[in-house]
Amino acid sequence: MDRSDLSVVQESLAAGSATRTHAHDRSREYFHVLSGRAVVAVGPRTTEVTAGSGIEIPPRVRHQIRNETDEELLLLVVSAPKVTSGRHAHRARPLRRDYGGVVVGSYLRPTRPGDLDTVVEIESAQDTGQWLGEGGREWHEQVLQAPDKEHWVLVDRLDRVVAFGILAALDRPDEVELRRMVVAPEGRGQGLGRLLLRQLLEHAAGRPHVRRVWLDVGADNARARSLYRAFGFVEREAPPGAILLENGLYMEWCPDGR
């Protein structure tokens, strides 16, 4: 419905995006969530609106709609009279991060050959290569083809690679090796390392019969060790067959918390 005195339209907000904060001089609006979850700021108040429910916005009240999830938000927007300042002033823009520091809208997907130039660039950063073993494009191409490995990238809502991770030893019945995880220098300090690690662990733990996930971290890489400990990794003596870096420490995580 699109009349001068009443407008009913369906709108969407992409994952990790928000409208600008705005108000309407004459129009009263009602937002009904069809699917997803909206965070609605109305004046000084913030309200969470879930699918099947809605919220009314009086005229001249500043408001903003945010989608802080990793799924599309669908809304039915009722305006009386019709809002004339563009598409209800609800044009979405990316959210840089949620309140915990994690970039909203970033998600994990399998690495594609076209991602490898960015992957190699990320791992070649001046303060990154010192912590890694072998690498380079040819090495990553081999990982993509290896049946016992999985290569993953963390991308933003524009599908730009911001981090990557590799799971290995997938041919073993009860363990997974977290072979590598690296965040692009420009993405650090935003919670991407925590997001990447959490999603990699979820994939690893979702495999049948996995009892432990292990990794090799440089003894002098204090920042990485702190992150792994925060997720429940513990330092242990390396079992026979585990290949570590020259100054590497063996750390292990168990899905059941043992």
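Counting from 1, the numbers follow the sequence of the chain as shown. Keep in mind that this is a model prediction, so the values were computed, not measured.
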Pairwise distance [atom1]([X]) to [atom2]([Y]) - rounded to 0.5 angstrom:
{"X": "I166", "Y": "W152", "atom1": "CD1", "atom2": "CH2", "answer": "12.5 Å"}
{"X": "L178", "Y": "L197", "atom1": "CG", "atom2": "CG", "answer": "6.5 Å"}
{"X": "R236", "Y": "L249", "atom1": "CZ", "atom2": "CG", "answer": "14.0 Å"}
{"X": "L13", "Y": "T69", "atom1": "CG", "atom2": "OG1", "answer": "9.5 Å"}
{"X": "R66", "Y": "L73", "atom1": "CZ", "atom2": "CG", "answer": "12.0 Å"}
{"X": "L192", "Y": "D156", "atom1": "CG", "atom2": "CG", "answer": "9.0 Å"}

For V40 and I57, what are the C-alpha separation, side-chain angles and deciding distance, and is it a side-chain contact (heavy atoms from CB on, under 4.5 Å)? CA-CA 10 Å; V40 184; I57 313 293; 4.3 Å; yes
Would you say the side-chain atoms of [X] pair up with the backbone N or O of [Y], donor to acceptor, closer than 3.5 Å?
{"X": "S27", "Y": "A80", "result": "no"}
{"X": "N247", "Y": "G218", "result": "no"}
{"X": "S53", "Y": "V49", "result": "no"}
{"X": "R225", "Y": "A219", "result": "yes"}

Salt bridge (charged side-chain N to carboxylate O under 4.0 Å, His left out) between E235 and R229, intermediate numbers included: CA-CA 9 Å; E235 296 176 13; R229 290 194 190 103; 2.8 Å; yes
Could you tell me whether the side chain of [Y] reaches within less than 4.5 Å of the side chain of [X], counting heavy atoms only?
{"X": "T111", "Y": "L116", "value": "yes"}
{"X": "F164", "Y": "R180", "value": "yes"}
{"X": "L75", "Y": "V9", "value": "no"}
{"X": "R194", "Y": "F231", "value": "yes"}
{"X": "L196", "Y": "L108", "value": "yes"}
{"X": "H22", "Y": "H63", "value": "yes"}
{"X": "E150", "Y": "V176", "value": "no"}
{"X": "E11", "Y": "T19", "value": "no"}

Determine the minimum heavy-atom distance between [X] and [Y], stating which atoms define it.
{"X": "E123", "Y": "V182", "answer": "CA-CG1, 4.5 Å"}
{"X": "P59", "Y": "R28", "answer": "CD-NH2, 3.7 Å"}
{"X": "I65", "Y": "A38", "answer": "CG2-CB, 4.2 Å"}
{"X": "A204", "Y": "L167", "answer": "N-CD1, 4.3 Å"}
{"X": "A23", "Y": "R60", "answer": "CB-C, 4.0 Å"}
{"X": "T50", "Y": "V33", "answer": "O-CB, 3.5 Å"}

Given the ring of W139, does R179 sit roughly above its face, with NZ or CZ under 6.0 Å from the centre of the six-membered ring and within 45° of the axis?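 Not flagged: R179 not positioned over aromatic ring of W139.
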Do [X] and [Y] sit in the same hydrophobic cluster, where Ile, Leu, Val, Met, Phe, Trp and Tyr count as joined when their side-chain heavy atoms come under 4.5 Å apart?
{"X": "L215", "Y": "L170", "result": "yes"}
{"X": "L244", "Y": "Y228", "result": "no"}
{"X": "F31", "Y": "V42", "result": "yes"}
{"X": "L200", "Y": "V210", "result": "yes"}

Verdict with supporting geometry, R212 and D174, salt bridge (charged side-chain N to carboxylate O under 4.0 Å, His left out): CA-CA 7 Å; R212 65 188 176 102; D174 62 350; 5.3 Å; no
Are a donor atom and an acceptor atom from the side chains of E29 and S79 found within less than 3.5 Å of each other?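 S79 and E29 do have a side-chain donor-acceptor pair below 3.5 Å.
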Parallel, tilted or perpendicular, judged at 30° and 60°: which one describes the rings of W214 and Y250? parallel
Hey, mind stepping through Y107 and V155 against side-chain contact (heavy atoms from CB on, under 4.5 Å) and telling me if it holds? CA-CA 6 Å; Y107 64 95; V155 298; 3.5 Å; yes
Please evaluate residues V183 and I122 with respect to the criterion side-chain contact (heavy atoms from CB on, under 4.5 Å), reporting the C-alpha separation (whole Å), side-chain torsions for both, the decisive distance (0.1 Å), and the verdict. CA-CA 7 Å; V183 176; I122 290 173; over 6 Å; no
Inspect the surroundings of CD in E121 and state if more than 12 heavy atoms from other residues, nucleotides or ligands are less than 6.0 Å away. no
Return yes when atom CD of E138 has more than 12 non-hydrogen atoms of other residues, nucleotides or ligands closer than 6.0 Å, and no otherwise.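 Check fails, neighbour count at 12 or below.
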Qualifying residue for side chain to side chain donor-acceptor pair (under 3.5 Å) with D115, from R109, H140, H151, R160: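 When side chain to side chain donor-acceptor pair (under 3.5 Å) is applied between D115 and each of R109, H140, H151, R160, only R109 qualifies.
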